[in-house]
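To keep things clear, I will list the structure first and then write my remarks on it.
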Amino acid sequence: MMTAQPSPSQVGLALPPGRPPRCLVFDSGVGGLSVLREIQALLPDVDITYAADDAGFPYGAWMERKLVDHVMDLMGQLIATHRPDLVVIACNTASTLVLPALRQRFDTPFVGTVPAIKTAASTTRSRVVAVLATPGTVKRDYTRALIDTYASHLDIALIGAQSLATLAEAYMRGEPISDQAVKAEIRPCFRDIRGRKTDTIVLGCTHYPFLTDTFKRLAPWSVTWIDPAPAIARRVAALLGRDERAPAMPQRPGRAVFTTGTIPPALMPTLAKFSLAA
């Protein structure tokens, strides 16, 4: 007789009693803060370390094999130093390329970030969807497999934005960014196929949610912008055995580490907003 296997949300991770869960959130830059923010909202008691590989940013410029080796080596150092119970790869480019190798090498559970194509397929009414991502994420076999599995019946455009992550990084440093530059990056998302217009755009880079208000202001018409971060936070909660939002409590301070060894002063106010200290 077969019995149902317990789900991760029923079991959770085996954590030492009396110690808050430790979570490492990793990205090539500060875009992963969009994921961290949702984890903090759902699980304010979790002890979070945010690791930004600013020495390697942007990942889209790397050769695939070199990027895999780089992230594997760096993750080994981060896990050895911070001893997380769980790691969130808050980067689509790294997740679509390196997750299988990370899970094979390390015992620590990993939660990845991949384009929310399945969600878009259930949301769209016009059946015209765009995936706005980095060139690296757009060309991954993983991304195309998601489309084949969940959205082969849709008209999907894969848009590889060349400079949008860099623009978002500048925005988060408080630097002015050009509306025209942003508009040029998002313009290919908006298509009209014999009267059927794009109605759903998947944000396939964790940097992009910080520019959503700008996207909405510059868009030629209204669309649904899908941010995967809330779903990632729910997955983290499930793995930690939390089926419901934690009771109201103060936000536990976290820490930020940058692989260059120096946090740009312009980013300090942004990090402070997320209760992160150097």
Side-chain angles (χ1 to χ4, degrees), residues 20 22-40 46-64 66-95 97-98 102 106 108 110-113 134-137 161-178 181-182 205-211 214 229 232 251-278:
R22 293 195 293 249
C23 180
L24 175 70
V25 179
F26 173 82
D27 185 26
S28 60
V30 291
L33 292 173
S34 65
V35 176
L36 177 141
R37 144 178 89 186
E38 297 297 332
I39 297 172
Q40 288 179 326
V46 171
D47 184 1
I48 296 180
T49 298
Y50 184 83
D53 184 18
D54 58 329
F57 180 85
Y59 279 176
W62 287 69
M63 298 293 292
E64 290 190 3
K66 288 186 176 181
L67 182 58
V68 171
D69 292 343
H70 171 75
V71 173
M72 294 291 285
D73 290 345
L74 179 56
M75 190 55 60
Q77 297 171 37
L78 290 169
I79 289 175
T81 300
H82 300 286
R83 302 289 181 183
D85 299 304
L86 180 147
V87 176
V88 177
I89 305 297
C91 172
N92 286 263
T93 298
S95 294
L97 183 64
V98 192
L102 290 169
F106 300 105
T108 306
F110 287 85
V111 176
T113 305
T134 64
T137 297
Q162 295 290 334
S163 304
L164 206 49
T166 301
L167 288 168
E169 288 267 332
Y171 174 81
M172 295 177 73
R173 285 174 166 81
E175 300 171 14
I177 61 173
S178 162
V182 174
C205 173
T206 53
H207 285 77
Y208 299 170
F210 290 108
L211 295 178
T214 302
I232 296 167
Q251 177 65 57
R252 177 182 293 276
R255 66 202 61 81
V257 294
F258 282 59
T259 55
T260 57
T262 303
I263 298 178
L267 277 177
M268 297 303 290
T270 296
L271 296 176
K273 291 178 183 178
F274 294 93
S275 299
L276 294 175

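Residue numbers run from 1 in the order of the sequence given.
To the nearest 0.5 Å, the span separating CG on Leu67 from CG on Leu74 amounts to 10.5 Å. Separation of atoms OG1 (Thr108) and CZ (Arg22) is listed at 10.5 Å; rounding is to 0.5 Å. Considering CD1 of Ile39 and CG of Leu33, their distance stands at 10.5 Å, rounded to 0.5 Å. Interatomic distance, CG of Leu102 versus CD1 of Ile79, reported as 7.5 Å (0.5 Å rounding). How far CG of Leu36 is from OG of Ser275: 9.0 Å, rounded to the nearest 0.5 Å. Interatomic distance, Leu211 CG to Leu167 CG, rounded to the nearest 0.5 Å: 7.0 Å.
In this structure, Gly32 and Val25 approach most closely via the heavy-atom pair O-CG1, 4.1 Å. Between Thr206 and Ala90, the shortest heavy-atom contact is OG1-O, 2.8 Å. The two atoms that bring Pro264 and Arg173 nearest to each other are CG-NH2, 3.7 Å, heavy atoms only. For the residue pair Cys23 and Val46, the shortest heavy atom distance occurs at CB-CG1, 3.7 Å. Taking all atoms of both residues into account, the shortest heavy-atom contact from Cys91 to Asp27 is CB-OD1, 3.1 Å. Nearest heavy-atom pair, Val35 versus Ala229, reported as atom, atom and distance to 0.1 Å: CA-CB, 3.9 Å.
Screening residues 266-278 for salt bridge (Lys or Arg N to Asp or Glu O under 4.0 Å) gives no qualifying pairs among residues at least two apart or on separate chains.
Within 6.0 Å of the OH atom in Tyr171, the count of heavy atoms belonging to other residues, nucleotides or ligands does not exceed 12. Within 6.0 Å of CZ in Arg83 there are 12 or fewer heavy atoms belonging to other residues, nucleotides or ligands.
Every salt bridge (Lys or Arg N to Asp or Glu O under 4.0 Å) that Arg255 has, sequence neighbours left out, goes to Asp47.
The six-membered or imidazole ring of Phe57 lies near that of His207, with a centre-to-centre distance under 6.0 Å.
Between the Glu64 side chain and the Leu97 main chain, no donor and acceptor come within less than 3.5 Å of each other. Checked by atom type and distance alone, the side chain of Asp54 pairs as donor or acceptor with a backbone atom of Thr259 at under 3.5 Å. Without hydrogens or angle criteria, Tyr59 side chain to Asp53 main chain gives no donor-acceptor distance under 3.5 Å. Within the 3.5 Å criterion, the main-chain N or O of Pro209 finds no donor-acceptor partner in the side chain of Ser34.
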message = Using side-chain contact (heavy atoms from CB on, under 4.5 Å), reason through Thr113 and Ile89 one step at a time and then give a plain yes or no.
response = CA-CA 6 Å; Thr113 305; Ile89 305 297; 5.5 Å; no
Steps toward side-chain contact (heavy atoms from CB on, under 4.5 Å) verdict (Val30, Phe210) = CA-CA 10 Å; Val30 291; Phe210 290 108; over 6 Å; no
task = Assess whether side-chain contact (heavy atoms from CB on, under 4.5 Å) is satisfied between Val257 and Thr49, documenting all intermediate values.
result = CA-CA 7 Å; Val257 294; Thr49 298; 4.3 Å; yes
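No donor-acceptor contact under 3.5 angstrom links the side chains of Ser163 and Thr166, judged on distance only.
Within the 4.5 Å cutoff, the side chain of Trp62 has no heavy atoms near those of the Thr93 side chain. In this structure the side chain of Asn92 never reaches within 4.5 angstrom of the side chain of Thr134, judged on heavy atoms.
Ring geometry, Phe110 versus Phe106: the interplanar angle falls from 30° to 60°, so the pair is classed tilted.
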